[in-house]
Amino acid sequence: NSTPTLFKPLKIRDVTFQNRIFMAPMCMFSCASSGPAIGSLTPYHLIHLGHPALKGASLVIIEATAVTPNGRISPNDSGLWDDLQIAGVKNVADAVHAVGGKLGIQLAHAGRKASTVAPWFGRQRGKGGVAEPEVGGWPDDVVGPSAIQWSETYCMPREMTKEDIRETIEAFADAARRAVKAGVDVIELHGAHGYLLSSFVSPLSNQRTDEYGGSFENRIRFNVEVIKAVREAIPPGMPLFYRITSTEWMEESDLAKELGSWDVEQSIRFAKLLAPLGVDLLDVSSGGNHVKQRIWPHSNYQVGIAGQIRRALKEAGQPLLVGAVGMITEADQAKEIVEGKEEAVMAKRLVEGPEPQADAILIGRQLLREPEWVLRVAFRLGVEVQWPLQFGFSGKFLKGS
Ligand code: FNR
């Protein structure tokens, strides 16, 4: 039929998404930093995630949620290291389900970028963003693959021992079990932006000499072990996503010429391993692992990389789905990403069909600005989507009341 692919349902394992528009995980730095509610989601999060779900985003993903207390970016992060934190996630899950959406959660460990204050406190305190103990920080308990600071204004991490690595893998699996108990539909692992998982794969941040550093196989080992442990901890029918830093945008730097850096080629090599490990969708982000990255954010700035990875996966016969994210703000842009460009469709329809760049799109800031963006896109593309029934008997969105 003529429904654009963007609005066709997408089934991953046992979960059917109503369309291919997901809300990207976004830290809100709005949880309690101490007391029994530490790290728990609040009514704020319920509205933040519930609103776009009500207005048609088929999946909304809870912000980076720390699997250990020292894996928080800031004292005000969401966490799931304790059973007490299950209730807050369950409240959000119940709300999102009540309006017909699906809920994901991004499990994360901030690694060497931990113990910073929420962005809006950073400059006020004038301490380069480090959260000191008096504001709930833990500058002496920040860990990473190696004792290499992200920048001079961040904490100096302690090199993780193998015991730390084992415990962290277990913490990821335990947090995933709690998320399942809370009723989430999707788990996403935060393998991007220079946080712990991402810092392990790059030779700029990982200079270990044991089996977790050095060669490509060694640098990805911790990630592979976390993926395996989480896949085993969740039901077989539950989708598992992985967010990657597809390039750390350091290729041109002298440092990378000397030490190497994580790039698209290695991302493709890594991506080809993921489907057999039980990952269903690769969420293609970039950057964040080095202060000297050369990044130029603009419309679709990461979408081409998603397309490149998707093509390589197809050529290799790998069934991993690909998600595109980053400055996707317009209806036609969104449609083209999952359907292929109009010219490509015209030119290749008879032989190969269009060339999509991704199977789904993730929207961050546009859904903050405009939680009903999905309805606007539907309207622009001429798709009839149902208003929530409770909004009245006004019929379909397209036809108006
Ligand atoms: C983010 N981003 C982000 N990414 C992630 O993987 N985990 C997170 O918790 C956050 N937190 C976060 C907070 C805020 C306020 C913003 C704006 C962004 C990145 C986000 O998911 C997305 O990848 C980027 O914002 C690019 O997409 P948009 O915003 O251009 O659609």
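Both ligands and their constituent atoms are indexed starting at 1 by order of listing. Bear in mind that the values here come from a model prediction, so they are computed numbers and not experimental data. Residues: numbered from 1 along the sequence shown.
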Student: Ala192 near ligand 1, heavy-atom distance under 4.0 Å?
Tutor: no
Student: Please determine if Asp359 and Arg20 form a salt bridge, counting it only when a charged side-chain N lies under 4.0 Å from a carboxylate O.
Tutor: no
Student: Does ligand 1 have an atom under 4.0 Å from some heavy atom of His193?
Tutor: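 His193: in contact with ligand 1 (<4.0 Å).
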Student: Among Ala324, Gly364, Ala110, Pro25, which one puts a heavy atom closest to atom 3 (C) of ligand 1?
Tutor: Pro25
Student: Provide the number and element of each atom of ligand 1 under 4.0 Å from a heavy atom of Ala24.
Tutor: 21 (O)
Student: Does Gln106 reach ligand 1 with a nitrogen or oxygen that is under 3.5 Å from one of the ligand's nitrogen or oxygen atoms?
Tutor: yes
Student: Could you tell me which atoms of ligand 1, counted from 1 in the order shown, lie closer than 4.0 angstrom to a heavy atom of Gly326?
Tutor: 26 (C), 27 (O), 30 (O)
Student: Among protein heavy atoms, which sits nearest to atom 1 (C) of ligand 1, and what does the distance come to when rounded to 0.1 Å?
Tutor: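 Checking every protein heavy atom, the shortest distance to atom 1 (C) of ligand 1 gives Met26 CG, 3.7 Å.
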Student: Looking only at distances, please establish whether an N/O atom of ligand 1 is found under 3.5 Å from an N/O atom of Ala64.
Tutor: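 N/O-N/O distance under 3.5 Å: yes.
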Student: Hey, can you tell me if Trp262 and Phe216 have their rings parallel, tilted or perpendicular (30° and 60° cut-offs)?
Tutor: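 Plane angle under 30°, so parallel.
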Student: Using distance alone, determine whether Ile363 and ligand 1 share an N or O pair under 3.5 Å.
Tutor: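 Not met; the criterion fails.
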Student: Among all protein heavy atoms, pick the one closest to atom 17 (C) of ligand 1 and tell me residue, atom and distance.
Tutor: Arg365 CG, 3.5 Å
Student: Does a donor on one side chain and an acceptor on the other come within less than 3.5 Å for Asn223 and Tyr242?
Tutor: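 Judged by distance alone, the side chains do pair up.
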Student: Which pair of non-hydrogen atoms, one from Arg231 and one from Pro239, has the smallest distance, and what is that distance?
Tutor: NH1-C, 4.4 Å
Student: Taking the six-membered ring for Trp, are Phe222 and Phe172 parallel (under 30°), tilted (30 to 60°) or perpendicular (over 60°)?
Tutor: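 Answer is perpendicular, since the angle exceeds 60°.
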Student: What are the atoms of ligand 1, with element, lying closer than 4.0 Å to any heavy atom of Arg243?
Tutor: 4 (N), 5 (C), 6 (O), 19 (C), 20 (C), 21 (O), 22 (C), 23 (O)
Student: State whether Glu217 and Arg269 are salt-bridged, where the test is any N-O pair (Lys NZ or Arg NE/NH1/NH2 against Asp/Glu carboxylate O) under 4.0 Å.
Tutor: yes
Student: What's the shortest distance from atom 11 (N) of ligand 1 to any protein heavy atom, and which residue and atom give it?
Tutor: Cys27 N, 2.9 Å
